[in-house]
Amino acid sequence: EDKVVQSPLSLVVHEGDTVTLNCSYEVTNFRSLLWYKQEKKAPTFLFMLTSSGIEKKSGRLSSILDKKELFSILNITATQTGDSAIYLCAVEAGGSGTYKYIFGTGTRLKVLA
Amino acid sequence: GAVVSQHPSWVICKSGTSVKIECRSLDFQATTMFWYRQFPKQSLMLMATSNEGSKATYEQGVEKDKFLINHASLTLSTLTVTSAHPEDSSFYICSARGPGLQYFGPGTRLTVL
């Protein structure tokens, strides 16, 4: 059975700290791994990763994928209170024409002022 | 960018009634749309994959007679929760497969009294 596991489940840090969120997966026919940020409504897209070892960066956020070890990390540096959210990892997998997203459990991040 | 809308954004109904939720891709055509359910403090759970012009594919454990999905056009999919009960109260999110990604709607919060 396909599964995506995130750790930690929750995290509380202070502004300015750096955090690393983890996502490991076991799926059939991996296509891509995605990171989303969810506040009160629907998830907002952060990154899509398809190749191993290539870091994607957007401001204070960065992410990298290891397809050999089947995991990805999301780093947030100099955290701010606005980074408080649930961070979701999803893996797109499946057969040709039937790709779907399998979401992990999410990591709930709270950044204290 | 690709935009997906959902309507209504929230709905309260009495137990035993049916509720219809619409998901529209506003600026692109989507042959495939997805319906997710999210319980408080949990991740997104895929309920079904909706394909335009054909029957939806339901995930294991999701009752197809309770959650009716219709994907009548390339820009509209609907989810009808039939004979709703309090345990159906949840956050329902749709997504549409667009250029390179799934694009998520803002979600519909359903409360069944």
Side-chain angles (χ1 to χ4, degrees), chain A residues 1-12 21-25 27-28 31-51 56 58 74 84-110, chain B residues 1-10 21 23-26 30-62 69 90-110:
Chain A
E1 185 183 337
D2 294 337
K3 64 178 180 181
V4 178
V5 178
Q6 290 184 247
S7 65
L9 289 180
S10 66
L11 194 55
V12 180
L21 310 182
N22 304 290
C23 175
S24 63
Y25 62 91
V27 301
T28 304
R31 192 178 194 190
S32 64
L33 185 145
L34 304 98
W35 284 96
Y36 287 88
K37 177 182 181 181
Q38 186 179 28
E39 295 174 89
K40 292 189 177 176
K41 291 196 171 181
T44 53
F45 172 76
L46 294 175
F47 298 110
M48 174 191 265
L49 303 157
T50 54
S51 301
K56 292 219 172 177
S58 176
L74 174 69
S84 297
I86 299 172
Y87 289 84
L88 296 166
C89 170
V91 173
E92 187 174 28
S96 178
T98 61
Y99 286 105
K100 60 185 180 184
Y101 286 8
I102 302 142
F103 278 87
T105 46
T107 293
R108 184 177 293 269
L109 173 66
K110 186 167 180 65
Chain B
V3 179
V4 175
S5 70
Q6 268 184 255
H7 179 80
S9 55
W10 59 270
I21 302 169
C23 177
R24 293 182 186 271
S25 56
L26 297 185
T31 55
T32 304
M33 291 184 172
F34 303 86
W35 288 95
Y36 296 85
R37 184 174 181 177
Q38 187 175 31
F39 290 106
K41 299 187 179 182
Q42 294 189 27
S43 190
L44 275 70
M45 182 193 79
L46 179 64
M47 299 173 66
T49 302
S50 165
N51 295 296
E52 187 267 337
S54 64
K55 288 184 179 180
T57 303
Y58 290 81
E59 294 299 303
Q60 195 171 9
V62 178
I69 290 171
S90 190
F91 192 52
Y92 293 88
I93 305 175
C94 75
S95 71
R97 188 185 297 288
L101 286 176
Q102 285 186 31
Y103 294 85
F104 287 87
T108 296
R109 186 161 300 283
L110 170 63

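Here the structure is a predicted model, which means the values were calculated and not measured. Chain naming here is simple, since letters A, B, ... match the order of the sequence lines and numbering starts at 1 in each.
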Check whether any side-chain heavy atom of [X] lies under 4.5 Å from a side-chain heavy atom of [Y], and answer yes or no.
X: B:Q102; Y: A:L34; result: no
X: A:S32; Y: B:L101; result: no
X: A:K41; Y: B:Q6; result: no

**OP:** Under 4.5 Å heavy-atom distance to chain A, tell me which part of B:Q60 shows up: side chain, backbone, both or neither.
**Re:** neither
Subject >> Residue part contacting chain A, namely of B:F91, when any heavy atom lies under 4.5 Å >> reply: side chain
Does any backbone or side-chain atom of [X] lie under 4.5 Å from a heavy atom of chain B? Answer side chain, backbone, both or neither.
X: A:Q6; value: neither
X: A:I102; value: neither
X: A:L88; value: side chain

Original post:
Which pair of heavy atoms, one from A:E92 and one from B:R97, lies closest together, and at what distance?
Top reply: OE2-NH1, 2.8 Å
Original post:
Closest approach of A:A42 and B:F104, non-hydrogen atoms and distance?
Top reply: CB-CB, 4.2 Å
**OP:** For each of A:L9, A:T105, A:T44, A:I86, tally heavy-atom pairs with chain B at distances under 4.5 Å, and name the one with the top tally.
**Re:** A:T105
Original post:
In terms of heavy-atom pairs under 4.5 Å with chain A, which of B:G105, B:P106, B:G107 leads?
Top reply: B:P106
**OP:** Please list, chain by chain and in numerical order, all residues satisfying side chain to side chain contact (heavy atoms under 4.5 Å, CB included) with B:E52, sequence neighbours excluded.
**Re:** B:H71, B:L74
Original post:
Taking only residues two or more places apart in sequence, or in another chain, which ones meet B:A48 in a side chain to side chain contact (heavy atoms under 4.5 Å, CB included)?
Top reply: B:Y58, B:I69
Subject >> Main-chain N/O of A:G106 paired to B:S43 side chain as donor or acceptor, under 3.5 Å >> reply: no
Original post:
When the aromatic ring centroids of A:Y101 and B:Y36 are compared, is their separation below 6.0 Å?
Top reply: no
**OP:** Run the numbers on A:Q38 and B:L44 for side chain to side chain contact (heavy atoms under 4.5 Å, CB included), then give the verdict.
**Re:** CA-CA 11 Å; A:Q38 186 179 28; B:L44 275 70; 4.1 Å; yes
